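Taking it in order: structure first as structure tokens, then the write-up.
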Amino acid sequence: MTQLSDRYTPQEVEDRIYQWWEQAGYFKAQDQSTKPPFAIILPPPNVTGFLHLGHALDHTIQDCMIRWKRMNGFNALWLPGSDHAGIATQSVVERELKKEGVTRTELGREKFLEKVWDWKKQYGDRIYRQMRRLGDSCDWDRAVFTLDEGPSKAVRRVFTTLYKKNWIYRGQRLVNWSGPLETAISDLEVEYKQIKGSIWHIKYQVEGTSDFLVVATTRPETLLGDSAVCVHPEDERYAKYIGKNVILPLLGRKIPIIADTYVDREFGSGVVKITPAHDFNDYKIGKTHNLPFINILTKRAEMNENAGPYKGLKVQEARKRVLEDLKAQNLLEKEEPHTLNVGHCSRSGAVVEPFLSEQWFVKTEHLSVPARRVVESGTTQIEPESWTKVYLHWMNIIEDWCISRQLWWGHRIPAWYCDKCSHITVAETDPSKCESCGSTSIRQDEDVLDTWFSSALWPFSTLGWPQETEKLKTFYPTSVLVTGHDILFFWVARMMMMGLEFMRDVPFRKVYLHGIVRDSQGRKMSKSLGNSVDPVDMIEKYGADALRFSFLAHIHSGKDFKFSEQRTEGYRNFMNKIWNATRFSLTNLQDFKVPTEGTAAMPDKAQLTAFDQWIITKLGRTEKTVEEALEQDRFSDAATALYSFVWYEFCDWYIEFIKPVMNGPGGSEKQNTQLVLAQVLNRVMRLLHPFVPFISEELYQKLPIKGEACIVDKYPNTRNDRELLALGSDTAAYEVEILKEVISAIRNVRGENRISPAIKINVRVSPSDAKAQKVLLENRNAIVTMGRLENLDISAEGSLSKCAVVPVAVDGSQMQVIIPLEGLVDIDEEIKRIQKSVEKLNKDIAGLSGRLSNENFVKNAAEDVVEADRKMLEQNKAQLSSLQDALKRLQS
RNA sequence: AGGGAGUUAGCUCAGUUGGUAGAGCGCCACCCUUACAAGGUGGAUGUCGCAGGUUCGAAUCCUGUACUCCCUACCA
């Protein structure tokens, strides 16, 4: 038998076990199988990224689900993949190039892309390696990258199909523009931050008069692009000006004074400047009033020729200069402090400028309808349910999706412009000539697609679509999608739309949303705060299992997760506890021979001790709890049930109970107990496996009763484990309860009176009925050992003088635990202890009798509730009187 | 501004249909008792945000209110 060290060292176990699993092919799913399918598509991490705590949480949940289903006999597929992450990756590589003093434009598109692919080759596997350390049981042979041939074909098919339906269109729109990245970004990529800025009041002279209209703005430089000023049509102050012009300060252009109910008369001066090309609200006004759209910015967010003398300045510089010049011309009435929300690019951090440009859009009007319906009808469930409303609300107000990005890294838009006839050819395979006029002088669109466009196709593009593959038939719709609620709109909603449009079915049956990982104080993890935690560090320090368990024991769907290293340390201790309990067991199983093959070996029920039957009963309850919890994705309930069973039932009591048996003479009692021990350990490892795969597999392999591998053994539940669980009994549960109570009573007296464990004491237990007496007599050994007794007397007769007395009641059986204290302790301590109990009993009795004397309670409450109270009252009264007697004796 | 979630022991959180408040960590005391000091045993700790209401009985249901957080939108 292998000798186990007295501490669990994950470093010696994890890599070895993982390699074995992978080589043995345990993670593989079958394209076709008689087993029911269960599929999870991994939210693809950024290809050049590294594993952070958020991934670790996300993956742990998925791995737990997959392992559980795999053990339940499913054809379980966990399909891994990685995302090219357009903006993120391109920025990283650009930053690297900058160190070498090269810009991407200098390099040119082709060369630059080569560099990015190099980068991908170098770092693309890093995150996969880190996932292996966490224990992720992905089917690695199926790993897909968004720019692989398969997904790229899917992207082209979807793009062309939607284009032909007119659900993808090109148009000039106002979009969110990131200056540093020189690209459009979607609404969702804009983060609003509260900024303490100013609001400036600027005077616009009314043409042909000496009157001024005062306009308030937070972005004074945009006045260079003003097309009008606007007032409320019913605002008496300005009625006379409507239709006239004002002179635009600094540039001297004439612009009209228009009227629109959009203006709030109460706010500011009641006059609004209209800059249709640089403000989303003004854009709408510009459209309805047919105003010119004057773009004053370049792609780099610098002033262009329309800005006249300010050309070439960056926005902030232009603002400064504009203000100076206005002041010099006495056109700046005042400046007031003002807090406003400013949109920032979530990638570059720069202020987002609304920018007018030609972009590609997905029309969402029709796509969103079924995406809404399937959630309303429950075809796809969102967990937690509260996010359903959020999802539906967003689907209701959804705007068209800007999918073109002015980047190089990504899926290039499959559209070609004809130099001759300007026709746009959109095609799945690169065309050689214009489909309209046949000219070969065609140019492909320079832009690439938003990364989320390919992500939206992920549930079917990873399974071979547009080909009709077996795996697609088997695994689509996937079973569940696990992801953070922060990408519900970015990703989940768009997968839903695309899946329904192209597969005519939902992409997943269930969406499990979790929150963001925060630090132990609830702050977001960030580099600047220095509070981010590297999961790989945690794995190295405490082991992957401990990290996984700290997630699973505390995760609640939808809620943010506060990570605490201290807690992880606690679960590391739990792993050690499991390790040592097994170590003890194996030592005591050295002379054990498995009577028949494997898990079928069952002991003779008639010969089982009460502890054996009791632990089996507890095991059965645990299996039930765990199964119910996992079915409802309540991982923490399952994890907690396992923690309690292993530590508080199995280790604290069962192992202690069987020590006398193991150290005893042997024979059939020992044989039976050994068999129970071996069987329970076997169940413990299997139950723990989806949560803590490494340690459970490692120990499982050392058990006398085991199968080929824990990872593919059955997951125990009340149905498939019936044969063993039938050996449990409620009578035994009652008996063990008595023993536990008696032993606790002895320990309590010892503890409160500070009697050293080194001193063995004498105890008498006086049972009030034959049933209890029998239990005590049969288990005398256990009580003596665990109470550390010199002598145990089980009898109703005996002296009570100078004795501690603890009344014990279990299920109607009453007894007293009597401990002579003469010479052992200060009697006053014991008097205090008893007085404390008396106080508590008095309080309880007062409450109970108060309630029972209320006739409304007796009349209205459920019978069993009243009955239980009556019983409790009686019991308490009996205990009280025995304590009062004991007190009298001690005080006399 | 609209929507959502939350407020329970020092900290992080459980608490399914209303029936005398739970866990982990931390804390205190004693103990290296032959699996484990990453351990054992015992112990202390809460007017369940506040105010009303329904009920024999409310952490749990209803109404109001305070505070916190998140999401969506955003006024020049």
Side-chain angles (χ1 to χ4, degrees), chain A residues 4 6-8 187 192 199 215-219 222 229-230 262-264 266-275 279-282 338 340-341 343 384 386-387 389-390 393-394 397 485-486 488-489 515-516 520-522 542 546 550 553-554 556 558-564 566-567 569-588 628 632 634 636-637 640 643-644 651-652 655-656 659 663 744 747-758 785-786 788 836 843-844 847-848 850-851 854-862 864-866 868-869 872:
Chain A
L4 266 58
D6 65 352
R7 278 192 184 184
Y8 172 52
D187 296 347
Y192 287 90
I199 187 161
V215 165
T217 181
T218 54
R219 295 191 298 154
T222 61
V229 294
C230 187
Y262 151 76
V263 176
D264 179 357
E266 309 298 320
F267 191 92
S269 60
V271 186
V272 184
K273 62 193 271 307
I274 303 295
T275 322
D279 183 283
F280 287 96
N281 289 304
D282 294 4
H338 184 75
L340 64 162
N341 285 317
S386 57
W387 282 93
K389 267 192 173 175
V390 182
H393 177 250
W394 189 75
I397 59 159
H485 60 228
D486 50 331
L488 180 63
F489 307 136
I516 301 166
S520 58
Q521 293 159 53
Y542 304 108
S550 32
H554 286 271
H556 292 98
K559 287 187 181 170
D560 285 350
F561 183 89
K562 286 180 192 156
F563 180 81
S564 141
Q566 201 177 38
R567 219 153 48 201
E569 192 185 339
Y571 292 121
R572 186 270 316 263
N573 296 352
F574 178 49
M575 296 308 117
N576 198 47
K577 190 78 183 173
I578 297 169
W579 182 265
N580 273 296
T582 310
R583 187 161 74 102
F584 168 85
S585 303
L586 291 178
T587 311
N588 286 286
E628 283 170 1
Q632 296 168 63
R634 285 160 44 190
S636 64
D637 287 359
T640 309
Y643 185 95
S644 310
C651 294
D652 287 355
I655 286 186
E656 296 303 324
K659 276 179 183 171
N663 295 331
S744 295
R747 286 170 173 173
N748 176 273
V749 171
R750 290 192 91 113
E752 295 274 286
N753 288 293
R754 298 201 186 81
I755 301 172
S756 155
T785 312
M786 293 172 75
R788 307 188 64 75
K836 207 163 66 179
K843 216 176 108 190
D844 289 355
L848 285 166
R851 186 145 26 128
N854 177 340
E855 49 182 79
N856 280 324
F857 170 69
V858 180
K859 198 168 64 193
N860 294 325
D864 54 328
V865 173
V866 178
D869 275 7
M872 183 65 74

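Proteins get letters first, then strands, A, B, ... in listed order; numbering begins at 1 in each. In this text, all values refer to a predicted model and were calculated from it rather than measured experimentally.
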TODO: With the side chain of A/Asn860 defined as its heavy atoms from C-beta on, choose the nearest nucleotide among B/rC56, B/rA76, B/rA35.
DONE: B/rC56

Open item on the list: Suppose we screen for side-chain hydrogen bond (donor to acceptor under 3.5 Å, both in side chains). Which residues come up paired with A/Thr222, at least two apart in sequence or across chains?
Closed with: A/Lys273

Open item on the list: Distance check needed: B/rC74 C1' versus A/Asp282 CG, whole Å only.
Closed with: 13 Å

TODO: Answer yes or no on whether A/Lys659 is positioned over the face of A/Phe584, meaning its NZ or CZ is under 6.0 Å from the six-membered ring centre and within 45° of the axis.
DONE: yes

- [ ] Write down the distance separating the P atoms in B/rU65 and B/rC56, rounded off to the nearest Å.
- [x] 28 Å

TODO: Select base, sugar-phosphate, or nothing to describe what A/Leu488 touches, counting heavy atoms under 4.0 Å on all strands.
DONE: nothing

Open item on the list: For the P atoms, the ones on B/rU60 and on B/rG49, what distance do you get once it is rounded to whole angstrom?
Closed with: 8 Å

Task: Nearest listed nucleotide, side chain of A/Met872, among B/rC71, B/rA35, B/rU20 - done: B/rU20

Open item on the list: Using a 4.0 Å heavy-atom cut-off, does A/Cys230 contact any base of the nucleic acid, only the sugar-phosphate backbone, or nothing at all?
Closed with: nothing

Task: A/Gly847 vs A/Arg634, nearer the 5' end of RNA chain B by closest nucleotide - done: A/Arg634

Open item on the list: In this structure, how many angstroms lie between the C1' atom of B/rA35 and the CD1 atom of A/Ile578, rounded?
Closed with: 13 Å

TODO: Take atom C1' in B/rU33 and the same atom in B/rG40, then report the distance between them in whole Å.
DONE: 8 Å

Task: From CG (A/Asp652) to NZ (A/Lys577), nearest 0.5 Å - done: 6.0 Å

Task: Rounded C1' spacing from B/rC13 to B/rA5 in Å - done: 15 Å

Task: A/Asn580 side chain, from C-beta outward: closest of B/rC36, B/rG19, B/rU20 - done: B/rC36

Open item on the list: According to ring pair (Phe, Tyr, Trp, His ring centres under 6.0 Å), who are the partners of A/Phe563, at least two apart in sequence or on a separate chain?
Closed with: none

Open item on the list: Rounded to whole Å, please give me the gap between CG in A/Asp637 and P in B/rG22.
Closed with: 17 Å

Open item on the list: Nearest to the side chain of A/Arg583, heavy atoms from C-beta on, is which of B/rA35, B/rC25, B/rU20?
Closed with: B/rA35

TODO: Scan A/Met575 against the nucleic acid and name what it touches under 4.0 Å (heavy atoms): base, sugar-phosphate only, or nothing.
DONE: nothing

TODO: Would you give a per-nucleotide map of nucleotides 3-13 of chain B, 5' to 3', where B means the base has a protein non-hydrogen atom under 4.0 Å away, S means only the sugar-phosphate does, and - means neither?
DONE: -S-------SS

Task: Point-to-point distance, once rounded to the nearest 0.5 Å, from NE2 of A/His485 to CD1 of A/Ile516 - done: 4.5 Å

Open item on the list: Tell me whether A/Glu628 is salt-bridged to A/Arg634, with the criterion being a basic N under 4.0 Å from an acidic carboxylate O.
Closed with: no

TODO: Taking the side chain as every heavy atom from C-beta outward, state whether A/Val229 and A/Val215 have any pair of such atoms under 4.5 Å apart.
DONE: yes

Open item on the list: Across nucleotides 26-34 of chain B, 5' to 3', mark each nucleotide with B, S or - according to how protein heavy atoms within less than 4.0 Å reach it.
Closed with: S--S-S-B-

TODO: List for me each residue that meets side chain to side chain contact (heavy atoms under 4.5 Å, CB included) alongside A/Pro757, sequence neighbours excluded, and say none if there are none.
DONE: A/Arg788

Open item on the list: Set out, in order, the CA-CA distance, both residues' side-chain angles and the distance that settles side-chain contact (heavy atoms from CB on, under 4.5 Å) for A/Val390 and A/Phe489, then state yes or no.
Closed with: CA-CA 10 Å; A/Val390 182; A/Phe489 307 136; 3.6 Å; yes

TODO: Name the nucleic acid region contacted by A/Asn748, choosing base, sugar-phosphate or nothing; use a 4.0 angstrom heavy-atom cut-off, strictly under.
DONE: sugar-phosphate

Identify the pairs formed between an N or O of the protein and an N or O of nucleotides 37-39 of chain B at a distance under 3.5 Å, and give each distance.
{"residue": "B/rA38", "atom": "OP1", "partner": "A/Arg7", "partner atom": "NH2", "Å": "2.6"}
{"residue": "B/rA38", "atom": "O4'", "partner": "A/Asn573", "partner atom": "OD1", "Å": "2.9"}
{"residue": "B/rA38", "atom": "O2'", "partner": "A/Asn576", "partner atom": "ND2", "Å": "3.1"}
{"residue": "B/rA38", "atom": "N7", "partner": "A/Arg7", "partner atom": "NE", "Å": "3.0"}
{"residue": "B/rA38", "atom": "N7", "partner": "A/Arg7", "partner atom": "NH1", "Å": "2.6"}
{"residue": "B/rA38", "atom": "N7", "partner": "A/Arg7", "partner atom": "NH2", "Å": "3.1"}
{"residue": "B/rA38", "atom": "N6", "partner": "A/Arg7", "partner atom": "NH1", "Å": "3.4"}
{"residue": "B/rA38", "atom": "N3", "partner": "A/Arg572", "partner atom": "NE", "Å": "2.8"}
{"residue": "B/rG39", "atom": "OP1", "partner": "A/Asn573", "partner atom": "ND2", "Å": "3.1"}
{"residue": "B/rG39", "atom": "O3'", "partner": "A/Lys577", "partner atom": "NZ", "Å": "3.1"}

- [ ] Rounded off to whole Å, could you give me the CG-to-P distance for the A/Leu586 and B/rC36 pair?
- [x] 14 Å

Open item on the list: Just to be sure I understand the rule, does A/Ser564 reach a base, reach only the sugar-phosphate, or reach nothing, if contact means heavy atoms closer than 4.0 Å?
Closed with: nothing

Open item on the list: Regarding A/Glu656, tell me which of base, sugar-phosphate or nothing describes its non-hydrogen contacts under 4.0 Å with the strands shown.
Closed with: base

Task: A/Tyr542: ring pair (Phe, Tyr, Trp, His ring centres under 6.0 Å) partners, not counting sequence neighbours - done: none

TODO: Can you tell me which stems involve RNA chain B, if a stem is defined as three or more consecutive Watson-Crick or G-U wobble pairs, both distances under 3.5 Å?
DONE: B:1-7 with B:66-72, B:10-13 with B:22-25, B:27-31 with B:39-43, B:49-53 with B:61-65

Open item on the list: For A/His554 and A/Phe561, take the angle between the two ring planes, folded into 0 to 90°, and tell me which bin it lands in: parallel under 30, tilted 30 to 60, perpendicular over 60.
Closed with: perpendicular

TODO: Sequence neighbours left out, what passes side-chain hydrogen bond (donor to acceptor under 3.5 Å, both in side chains) with A/Asp560? Give chain and number order.
DONE: A/Arg518

Task: side chain to side chain contact (heavy atoms under 4.5 Å, CB included) involving A/Asp869 - partner list, sequence neighbours excluded - done: A/Leu848, A/Arg851, A/Leu852, A/Phe857

Open item on the list: Just to be sure I understand the rule, does A/Phe280 reach a base, reach only the sugar-phosphate, or reach nothing, if contact means heavy atoms closer than 4.0 Å?
Closed with: nothing

Task: Between C1' of B/rG40 and CZ of A/Arg750, the distance in whole Å - done: 13 Å

Task: Length of the line joining A/Phe489:CZ and B/rC70:C1', which is rounded to integer Å - done: 11 Å

Open item on the list: For the P atoms, the ones on B/rG39 and on B/rG24, what distance do you get once it is rounded to whole angstrom?
Closed with: 13 Å

Task: Residues in side chain to side chain contact (heavy atoms under 4.5 Å, CB included) contact with A/Asn753, at least two apart in sequence or another chain - done: A/Val749, A/Ile755, A/Val825, A/Glu829, A/Glu830, A/Arg833

- [ ] For nucleotides B/rC28 and B/rA9, find the distance between their C1' atoms and express it as a whole number of Å.
- [x] 15 Å

Task: Spacing of A/Asp864 atom CG relative to B/rU20 atom C1', expressed in whole Å - done: 15 Å

TODO: Using the P atom on both, measure B/rG22 against B/rC48 and round to a whole Å.
DONE: 14 Å

- [ ] When you get a sec, tell me which of B/rA76, B/rC56, B/rU72 is the closest nucleotide to the side chain of A/Phe857?
- [x] B/rC56

Task: Whole-angstrom distance between B/rA38 and B/rG43, as gauged at atom P - done: 24 Å

TODO: Can you sort out the partners of A/Asn573 under side-chain hydrogen bond (donor to acceptor under 3.5 Å, both in side chains), two or more places apart, ordered by chain and number?
DONE: none

Open item on the list: I want to verify a distance call: between B/rC71, B/rC56, B/rA35, whose nearest atom is closest to the A/Asn856 side chain?
Closed with: B/rC56

